[in-house]
Q: 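Shown below is the structure under consideration.
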Number of protein chains: 2
Amino acid sequence: MNAPLSERRQAQLAALIDAAERRIAEGGMASLKARDLAADIGIALGGLYNIVADLDELALRVSSRTLGRLGEALTAASDALPLESRDDAVNRLVAIAHAYLHFARDNLKLWRTLFELHLAEGTALPTWAADDQLRLFRHVAEPLALLVPTMDEAQQALAARTLFAAVHGIVTLGLEERLVAVPLTALEAQIEWMVRATCRGLGE
Amino acid sequence: MNAPLSERRQAQLAALIDAAERRIAEGGMASLKARDLAADIGIALGGLYNIVADLDELALRVSSRTLGRLGEALTAASDALPLESRDDAVNRLVAIAHAYLHFARDNLKLWRTLFELHLAEGTALPTWAADDQLRLFRHVAEPLALLVPTMDEAQQALAARTLFAAVHGIVTLGLEERLVAVPLTALEAQIEWMVRATCRGLGE
DNA sequence: CCAAGATTTGAACGCCGTTCAAGACATGAA
DNA sequence: TTCATGTCTTGAACGGCGTTCAAATCTTGG
């Protein structure tokens, strides 16, 4: 075992993130235990802190990976559709919203940890993590721009954010199993209804 | 100190919830520590578990109180407005949404703990807690019923839930300080825009 | 082959929620 | 009043957690 240091570290980091991702997918963020992870990748307990500053950083790295996969899912949903007419734009927004719902459902625990990261009060999140978030909004902003060409860019960004947030809220409550369960198809219908209504409202 | 047991217990429970509420309002759910709370109300550490089964139950009781206050805030916002025409109904929905935003902002940490309760996998939440949630949806359902009188009750309930969820999502992302800050007035405008657009969409 | 530096190790620390044997206390009968 | 009995309260102790750091182990250039 004598690969160059940095390479070895890189491999250890990747293995660690893999293990953490598996653990979170299985049992949520609450099951991210230092001792388990160290055992998973075959190092001593203290060794974790040579790879990663603390478990929060690790959760953040897993989240970044999850955000990446989410972005791919939204891209796949977008690219399948044309974007020429206003109708196309609306259909794309619906498709993106549906893709968001399905990603959240298929990656429930990982998706939830995206919003359970509580960075220690003072510290801001790394720029690479913030960038991932902005990329998501852009998925929405692109078709939206076609619907409201008169808005300036800041307004468009804000509108995209709002639409994203609304869909996010519906998905969040819809997948919250401590409330009355809503069938997936009903959830899809509600999301579509709400996106179309909002788009209609945009024109006025 | 010789009040009847149940009375004494009731007082201890109230004091405990008070202390927990103060702690959460100050530092979020993460600062709900058994030893601090025991000191706050002047009992021994172990004594907590005579009053409450565990800290989760305590967080739930604080949340119930918070939901109660939220309900009052929404009621106050509703009662200030007439409810006769369709326009009245829309205005009420906007007012309720705005009241929700302001409550969340003014009670940030307490409001957030409403959604951070992670009951141990298997156990369902007590009925008294579930009822509080349904009461909230009813605030939205009442004016909504006036807008869509043709829907049956189940459909109306679902629509109310969806509208509530959409507003909730906008508020959640809007108050998330790890993203770009959005001014309060902009948030209000976005919420109003989205509620009105949705209402317009309802008619079609 | 060795010395010096880098890396890994796991025992130990401090903090946490929760438990439970032991002590303090109240109550009613004698 | 005195004591026995049942109830409530106490805080030391337990097991588990994230994190640290002196010591052990490896790696490497001379």
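Quick caveat: nothing in here was measured; it's all calculated off a predicted structure. A, B, ... follow the sequence lines: proteins, then strands. Residue 1 opens every chain.
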Q: Each nucleotide N or O in nucleotides 11-14 of chain D that has a protein N or O under 3.5 Å away: list the pair and distance.
A:
residue, atom, partner, partner atom, Å
dG11(D), N7, Gly46(B), N, 3.3

Q: The side chain of Asp54(A) is closest to which nucleotide in this list: dT18(C), dT9(D), dT19(D)?
A: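 The answer is dT19(D).
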
Q: Report for the helix from dC1(C)-dG30(D) to dA30(C)-dT1(D): angle between first-end and last-end helix axes, five pairs each, rounded to 10 degrees.
A: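 Here the local axes at opposite ends form an angle of 30°.
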
Q: What pairs meet the salt bridge (charged side-chain N to carboxylate O under 4.0 Å, His left out) rule with one or both residues in residues 148-171 of chain A, with sequence neighbours excluded?
A: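 Every pair satisfying salt bridge (charged side-chain N to carboxylate O under 4.0 Å, His left out) with a residue in residues 148-171 of chain A: there are none.
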
Q: Check the distance between dG18(D)'s P and Glu57(A)'s CD and give it to me in whole angstrom.
A: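 So the two atoms are 15 Å apart, to the nearest Å.
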
Q: Between the side chains of His139(A) and Ser78(A), is a donor N or O closer than 3.5 angstrom to an acceptor N or O?
A: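 No pair is found: no donor N or O on one side chain lies under 3.5 Å from an acceptor on the other.
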
Q: Would you indicate what Asn50(B) reaches in the nucleic acid, counting non-hydrogen atoms under 4.0 angstrom: base, sugar-phosphate, or nothing?
A: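 Base: the residue Asn50(B), judged by heavy atoms under 4.0 Å, touches a nucleobase.
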
Q: For DNA chain C, which residues in residues 18-33 of chain B have a heavy atom at a distance below 4.0 Å?
A: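 By residue number: Leu32(B), Lys33(B).
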
Q: Provide, to the nearest angstrom, the distance between the CD1 atom belonging to Ile41(A) and the P atom belonging to dT9(C).
A: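 Atom-to-atom, Ile41(A) to dT9(C), this comes out as 10 Å.
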
Q: Could you walk me through whether Val52(B) and Leu48(B) pass the side-chain contact (heavy atoms from CB on, under 4.5 Å) test, one step at a time?
A: CA-CA 6 Å; Val52(B) 124; Leu48(B) 277 189; 5.8 Å; no

Q: Pair Tyr100(A), Ile191(A) - check side-chain contact (heavy atoms from CB on, under 4.5 Å), show working.
A: CA-CA 10 Å; Tyr100(A) 186 72; Ile191(A) 287 173; over 6 Å; no

Q: What's the CG-C1' distance between Leu58(B) and dT18(C), to the nearest Å?
A: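 The distance from CG of Leu58(B) to C1' of dT18(C) comes to 14 Å, rounded to the nearest Å.
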
Q: Is there a side-chain contact between Ile24(A) and Ser31(A), using heavy atoms and a 4.5 Å cut-off?
A: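 When only atoms from C-beta onward are counted, Ser31(A) and Ile24(A) do not touch, as no gap falls below 4.5 Å.
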
Q: Between the side chain of Arg92(B) and the main-chain N/O of Leu81(B), is any donor-acceptor distance below 3.5 Å?
A: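 Such a contact is found between Arg92(B) side chain and Leu81(B) backbone.
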
Q: Can you confirm if the aromatic rings of Phe115(A) and His168(A) lie within a centre distance of less than 6.0 Å?
A: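 Ring centres of Phe115(A) and His168(A) closer than 6.0 Å.
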
Q: When you check the gap from the basic side-chain N to the acidic O, do Arg23(A) and Asp40(A) get nearer than 4.0 Å?
A: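 Yes.
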
Q: Main chain of Glu188(B), side chain of His98(B): is a donor-acceptor contact present, judged purely on distance under 3.5 Å?
A: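 Answer holds: yes.
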
Q: Establish, with yes or no, whether the OP1 or OP2 oxygen of dT8(C) is under 4.0 angstrom from a side-chain nitrogen or oxygen of Arg8(A).
A: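 Yes.
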
Q: Mind checking side chain to side chain donor-acceptor pair (under 3.5 Å) for Asp18(A) and listing every partner two or more places apart, or none if nothing turns up?
A: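 Listed in chain order: Arg65(A).
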
Q: With sequence neighbours left out, write down each residue that passes side chain to side chain donor-acceptor pair (under 3.5 Å) with Glu192(A), or none if nothing qualifies.
A: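 Partners of Glu192(A) under the side chain to side chain donor-acceptor pair (under 3.5 Å) test: Arg196(A).
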
Q: Report the distance from atom CG of Leu48(B) to atom P of dT9(D), rounded to the nearest whole Å.
A: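 In whole Å, dT9(D) P lies 12 Å from Leu48(B) CG.
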
Q: To the nearest Å, how far apart are Tyr49(A) OH and dG18(D) P?
A: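 After rounding, the reported distance stands at 6 Å.
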
